Structure formats: C-alpha cells, structure tokens
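Worksheet: one structure, shown below.
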Amino acid sequence: MKFFTVYTNPQYPRNIKLVPNGFSWMVLVLGAIGLFIQKSWVHGLIILSLCISLKFWLHPPFVILFLIHFLLACFAYHFQRTELTLSGWKIKTIIAGRNKQAALLRLLDQYPDLAQKI
C-alpha cells in the first residue's frame with residue numbers, strides 16, 4: 001500500500017492533488033530534472049544551481065553526486081508538498097491505496113462532498 005497526501009484549494013474547489021509519500025525513483029535517476037517533472041520548480045532550480053556549482057567548482061567524485069541524488073529522492077515529495085502549501089493548497093487528509101487511482105476512489109468514498117465538487 002502506498003500513502004498519498006490529499007490537497008485541496010479553496011480557490012479551485014474542483015481540483016484535488018494527491019502527492020505520494022516515500023522515495024522518488026525518478027529523482028534518484030534524474031536529479032533536479034526529476035524535481036521539475038514533479039512540478040517542484042523552486043526546489044528544482046535551487047538544487048540544479050547547487051549541483052552545477054558543485055560540479056564545476058569542486059569536481060566531487062561520483063559517490064558524492066550519487067549521495068546527493070539519493071538524499072534528493074528521499075525528500076522529493078516533501079519538496080512538492082512544501083510548494084503546494086506555499087501556493088495556497090491545504091492538506092485535506094492522508095489516504096492509502098495500491099496506486100493513485102485506487103487512492104482517489106477511496107478518498108471519494110470517504111468524502112462524498114469532494115465527489116460532488118469534482
């Protein structure tokens with residue numbers, strides 16, 4: 001089972017965002033580019049500039065770069081949740097499901113008022 005944090009926005013009542021909790025394999029492989037794909041623009045720009053600066057100024061070994069990507073992958077969804085909170089989205093609940101669609105169905109089953117808004 002995966003856990004998802006559910007976000008709603010009072011300005012856009014028809015939209016619901018589900019952000020998974022856990023490790024992001026895409027960010028492990030792609031690094032800061034993976035943060036851009038997950039719509040974490042601010043954190044992606046900061047991390048990309050830090051990685052480029054680190055690579056050109058200090059020339060770290062591959063192990064250090066892999067460790068940076070691993071730490072980014074551990075916190076990638078936290079970055080996404082932080083940016084949603086800064087954009088005005090509010091946490092509704094945390095829901096479990098096999099995948100995103102199953103979690104959405106379980107959410108709409110538990111909160112029928114959200115189903116009427118969508």
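Predicted, not measured: the structure shown is a model, and the values here were computed from it.
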If hydrophobic clusters are built by linking Ile, Leu, Val, Met, Phe, Trp and Tyr wherever their side-chain heavy atoms come under 4.5 Å apart, do Y77 and F4 end up in the same one? no

Pairwise side-chain contact, E83 with W89, heavy-atom cut-off 4.5 Å (strictly under): no

Got I33 and M26 here, is their nearest side-chain heavy-atom distance under 4.5 Å? no

Check whether any side-chain heavy atom of V19 lies under 4.5 Å from a side-chain heavy atom of L84, and answer yes or no. yes

Relative to each other, are the rings of H43 and F79 parallel, tilted or perpendicular (30° and 60° limits)? parallel

Transitively linked via ILVMFWY side-chain contacts under 4.5 Å: V29 with I52? yes

Nearest heavy-atom neighbours spanning G34 and V27: C-CG2, 3.9 Å

So L72 and I47, do their side chains get closer than 4.5 Å, heavy atoms only? yes

Between CD1 of I64 and NE2 of H69, what distance do you get to the nearest 0.5 Å? 12.5 Å

Using side-chain heavy atoms (C-beta onward) and a distance below 4.5 Å, is F23 in contact with C74? yes

Mind checking whether Q110 and I95 have side chains closer than 4.5 Å, heavy atoms only? yes

Steps toward side-chain contact (heavy atoms from CB on, under 4.5 Å) verdict (L67, V63): CA-CA 6 Å; L67 181 63; V63 175; 5.6 Å; no

Side-chain (R106) to main-chain (A96) donor-acceptor, under 3.5 angstrom: yes

Which residue is it: Q38, Q80, H78? I am looking for the one with a side-chain hydrogen bond (donor to acceptor under 3.5 Å, both in side chains) to S24. Q38

In terms of hydrophobic clustering (I, L, V, M, F, W, Y; side-chain heavy atoms under 4.5 Å; direct or indirect links), are L30 and F36 co-clustered? yes

Given side chains that start at C-beta, do those of L105 and D109 come closer than 4.5 Å, heavy atoms only? no

Co-membership, hydrophobic cluster, residues L58 and F66, 4.5 Å side-chain: no

Tell me if the CZ atom of F75 is crowded by more than 12 foreign heavy atoms within 6.0 Å. no

Does the pair I68 and L50 meet the rule for a side-chain contact (heavy atoms from CB on, under 4.5 Å), with working shown? CA-CA 10 Å; I68 291 171; L50 284 173; over 6 Å; no

Measuring from L65:CG to H59:NE2, what's the distance to the nearest 0.5 Å? 11.5 Å

Interatomic spacing from CD1 in I94 to CG in L107 - rounded to 0.5 Å: 12.0 Å

Taken to the nearest 0.5 Å, the spacing of S53 OG from L48 CG works out to 9.0 Å

Centroid-to-centroid, Y7 to Y12, below 6.0 Å? no

Closest non-hydrogen atom pair between A102 and N99, with its separation: N-OD1, 2.8 Å

For atom NZ of K17, is the number of surrounding heavy atoms from other residues, nucleotides or ligands below 6.0 Å larger than 12? no

Nearest 0.5 Å, please: how far is NZ in K39 from OG in S87? 13.0 Å

Do L35 and L86 sit in one hydrophobic cluster, given that two such residues count as connected whenever their side-chain heavy atoms are within less than 4.5 Å of each other, even indirectly? no

Test V6 against Y111 for side-chain contact (heavy atoms from CB on, under 4.5 Å), laying out the working first. CA-CA 12 Å; V6 179; Y111 295 96; over 6 Å; no

Just by distance, with hydrogens left out, do T5 and N21 show a side-chain donor and acceptor under 3.5 Å apart? yes

